[in-house]
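Letters go in sequence order (proteins before strands), and every chain restarts at 1.
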Amino acid sequence: MSVVLFKAILIIIIFLISLTVAAYSTYAERKIAAFLQDRIGPDRAGPFGLLQPVADGVKMFLKEEIIPTVSDKLLFIAGPSIFMLTALMTSAVIPWGKPLEIGGKLYALQVADINIGILYVLGVVSLGVYGIMIGGWASNNKYALLGAIRASSQMISYELAMGMSVISILLMTDGSLSLNAIVDSQKGMNWNVFYQPVAFIVFLVCAFAETNRTPFDLAESESELIGGFHTEYSSMKLGLYLFGEYINMFISSAIIACLFFGGYNFPGIDYLGTILPRNIVSIISVGVLFGKIFFFIFFFMWVRWTIPRFRYDQLMRLGWQVLMPIAIINVLVTGAILTFFGN
Amino acid sequence: MNSQVIFLLLAAISILSALFVVFSKNPIYSVLWLIVCFFSIAGHYVMLNAQFLAIVHIIVYTGAIMVLMLFTVMLLNLNKASEPHKSIIYKGTAVVTGGMLMLVLLAAMRSTELSTYSVPAATEAGFVQNVGMKLFTDFLLPFEMTSVLFIAAMIGAAVLAKKEVH
Amino acid sequence: MQLTNRSKVVTKPEMTFVERLYLPAIVSGLAITIKHLFKKKATLKYPEVTREFAPVYRGMHVLKRDEAGRENCTACGLCAVSCPAEAITMDAAERQKGEEHLYREEKYAAKYEINMLRCIYCGLCEEACPKDAIYLTDRLVPSEFTRGEFVYGKDILVEKIDDRVDISKRKTSYTI
């Protein structure tokens, strides 16, 4: 099997997994919301309501599609497309597990091991804002525009602190920007979260802000802005926005797991490697990574039903005057410790 | 051969999108075409094996600066009706200055020698480690100066944003 | 001037550093929400499981028959008069020869309609009825797609001969 063929299959599998996870995240969101509020949640479509995402998808497709006459039609369609595109693009650099061995050759479970992996993630995340801005502007609606402006300024503000908190991780891993190298350096239980708890908290808060999840969902804030940037959207174009958000959540969970929780590493991975065939260990490692991802998706939802939304000035103050300085000081302290005390 | 095709494609995209930036009537479209242009330039960086520069170019220019630009243009409410009428003198000055710029460019182009495209050698000069090494050895002073400048600008912004306490 | 000695001075003490971090507060909030994940759910899966009703619950009406299966209602109109929502209308008719097994009294309601959208389920019709003909039961009015379907006629209201509606609980618990 050639490498190209393997990569093509891998891309398709990751694509399908992302979409499935996103679809079932909508179901999980409703279920978890219900459980946290002492309710049962959707349970009518299929056993335990497991077919609910299918029903939701069919509903989305069958809804009437409205393009406002005063909107900019081309950009109105481009907005959700760009949002979905950027949401799906990030998964290219995530190492999903230990390499598989097929026919005596090793195949990395990663679409592209580029040496600027984490910067690629930050770059694509910074592009995600275009989908929101273009969609919000093209709607020609003041609420949509307000939502778009809120979303973009929020994302720009939190990107900085996010990047800063990542730098301290990079200092720990001998300056390699490749996600693969970062994950490899956290063998066993040697997870970055134990060495960099401050960076982890800053990154986590920024991830919430970047994915527009509560308590940072000011871009949508149904109660004030009637849905924010997607006020004018209907049918599957709205579906793409909602779906893209869940994919963002999935990907950011994966990145948190890779950066701070050892990615596919788990304690005893080396010992298992000596007693089990290589491919079995690879599959277990993929399972471990997905376990971590699902925990963080759950955490995202758990926080949503715990913490109320911020006010906009509080959001900006948190981003610029709290998280930024903390992240910079963290970088300085990490650098100083590494310089004076070695590893 | 293959990379030459990609180069030509990227070059065509950059030039065309740059032209669209100038020629589109709607300023929003101008900004969006500029983003496309920046992307193709990032592609050129990748072709030159400068992945770090490419991604930084995307993060800084398309990810941050163009968002702010788009922001401003969106808030300006640029309609055809609100466009101020430009007098003939302005137009004349614009034509003269533009023509002079073209003259300079033409003169500069005349003296350059057009060389055929050659695939750049697969150097690792554009990789993060090498760029970092260069910055912290050969260009240490300018690098530190710019970073101090940026820190000053950032602190300045934070101070401006801070509420005045009476 | 102090009128009572119960007044309190409101203080807003400066938050300590730990409080200003907000993290302990967030963690305790998360602990509260996660506790609810394992609590007993309050939801009843309605069509399969129904909530237990009080014995005096006032739901959908029933027009009773007597032991011999004859309709009790004599179309006196007292229920319609007492109804504060004016939900009840009826047409009276005289019992013909050979209909004695159908109607208990000499006069009966040829048409008897209750508009369930107007009805406020107060139970005054039941109190007004001198013939023990109308009762409110613990059955619920099902949802419909059009307003017209909520006007219930005799075909729905009168209990079936072989499927009697038990109203004994209402009768006993009603006496003051």
*Asks:* Are there over 12 heavy-atom neighbours, none belonging to B/Y90, within less than 6.0 Å of that residue's OH?
*Replies:*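 Not buried by this count: 12 neighbours or fewer within 6.0 Å.
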*Asks:* From B/I55 CD1 over to A/I118 CD1, what is the distance, rounded to the nearest 0.5 angstrom?
*Replies:*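 That separation rounds to 11.0 Å.
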*Asks:* On a heavy-atom basis, which atom in A/S126 and which in B/G63 lie closest, and how many Å separate them?
*Replies:* OG-CA, 3.5 Å
*Asks:* Working to the nearest 0.5 angstrom, can you tell me the gap between A/L75 CG and B/L32 CG?
*Replies:* 6.0 Å
*Asks:* How far apart are the closest heavy atoms of A/M133 and B/V67, and which atoms are they?
*Replies:*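 Heavy-atom minimum between the residues: SD-CG1, 3.7 Å.
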*Asks:* Under 4.5 Å, counting heavy-atom pairs only, tell me which of B/I58, B/L68, B/T62 racks up the most with chain A.
*Replies:*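 Highest number of pairs under 4.5 Å: B/T62.
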*Asks:* CG/A/L177 to CZ/B/F52 distance, rounded to the nearest 0.5 angstrom?
*Replies:*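 It comes to 7.0 Å.
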*Asks:* Could you tell me which portion of A/M324 (side chain, backbone, both or neither) has an atom closer than 4.5 angstrom to a non-hydrogen atom of chain B?
*Replies:*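 Answer is side chain: those atoms of A/M324 sit under 4.5 Å from chain B.
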*Asks:* Does atom CE (B/M133) have a neighbourhood of more than 12 heavy atoms from anything else shown, all under 6.0 Å?
*Replies:* no
*Asks:* Does CZ in B/F38 sit with more than 12 non-hydrogen atoms of other residues, nucleotides or ligands closer than 6.0 Å?
*Replies:* yes
*Asks:* Is A/I156 in contact with chain B via its backbone, its side chain, both, or neither, using a 4.5 Å heavy-atom distance?
*Replies:*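 Just the side chain, heavy atoms under 4.5 Å.
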*Asks:* In this structure, are over 12 heavy atoms from other groups packed under 6.0 Å from B/K134 atom NZ?
*Replies:* no
*Asks:* Pick whichever of A/A78, A/A148, A/S153 has the most heavy-atom pairs under 4.5 Å with chain B.
*Replies:* A/S153
*Asks:* Say you draw a straight line from CD1 of B/I35 to CD1 of A/I134; how long is it, rounded to the nearest 0.5 Å?
*Replies:*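 If we round to the nearest 0.5 Å, B/I35:CD1 and A/I134:CD1 are 6.5 Å apart.
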*Asks:* If you tally heavy-atom pairs under 4.5 Å against chain A, which of B/V56, B/L70, B/V60, B/I28 wins?
*Replies:*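 If we count pairs closer than 4.5 Å to chain A, B/I28 comes out on top.
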*Asks:* Take atom CD1 in B/I89; do more than 12 heavy atoms of anything else shown fall under 6.0 Å from it?
*Replies:*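 Counting other residues, nucleotides and ligands, CD1 of B/I89 stays at 12 neighbours or fewer.
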*Asks:* Need one label for A/L160: side chain, backbone, both or neither, based on atoms under 4.5 Å from any heavy atom in chain B.
*Replies:*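 Neither; nothing under 4.5 Å.
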*Asks:* When you look at CE of A/M89, are more than 12 heavy atoms from neighbouring residues, nucleotides or ligands closer to it than 6.0 Å?
*Replies:*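 Enclosed: over 12 neighbouring heavy atoms sit under 6.0 Å from CE of A/M89.
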*Asks:* Within a 6.0 Å radius of atom CG on B/L106, are there more than 12 heavy atoms belonging to other residues, nucleotides or ligands?
*Replies:*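 Counting neighbours around CG of B/L106, more than 12 heavy atoms of other residues, nucleotides or ligands fall under 6.0 Å, so yes.
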*Asks:* As an exercise, state the distance from CE of B/M66 to OH of A/Y130, rounded to the nearest 0.5 Å.
*Replies:* 6.0 Å
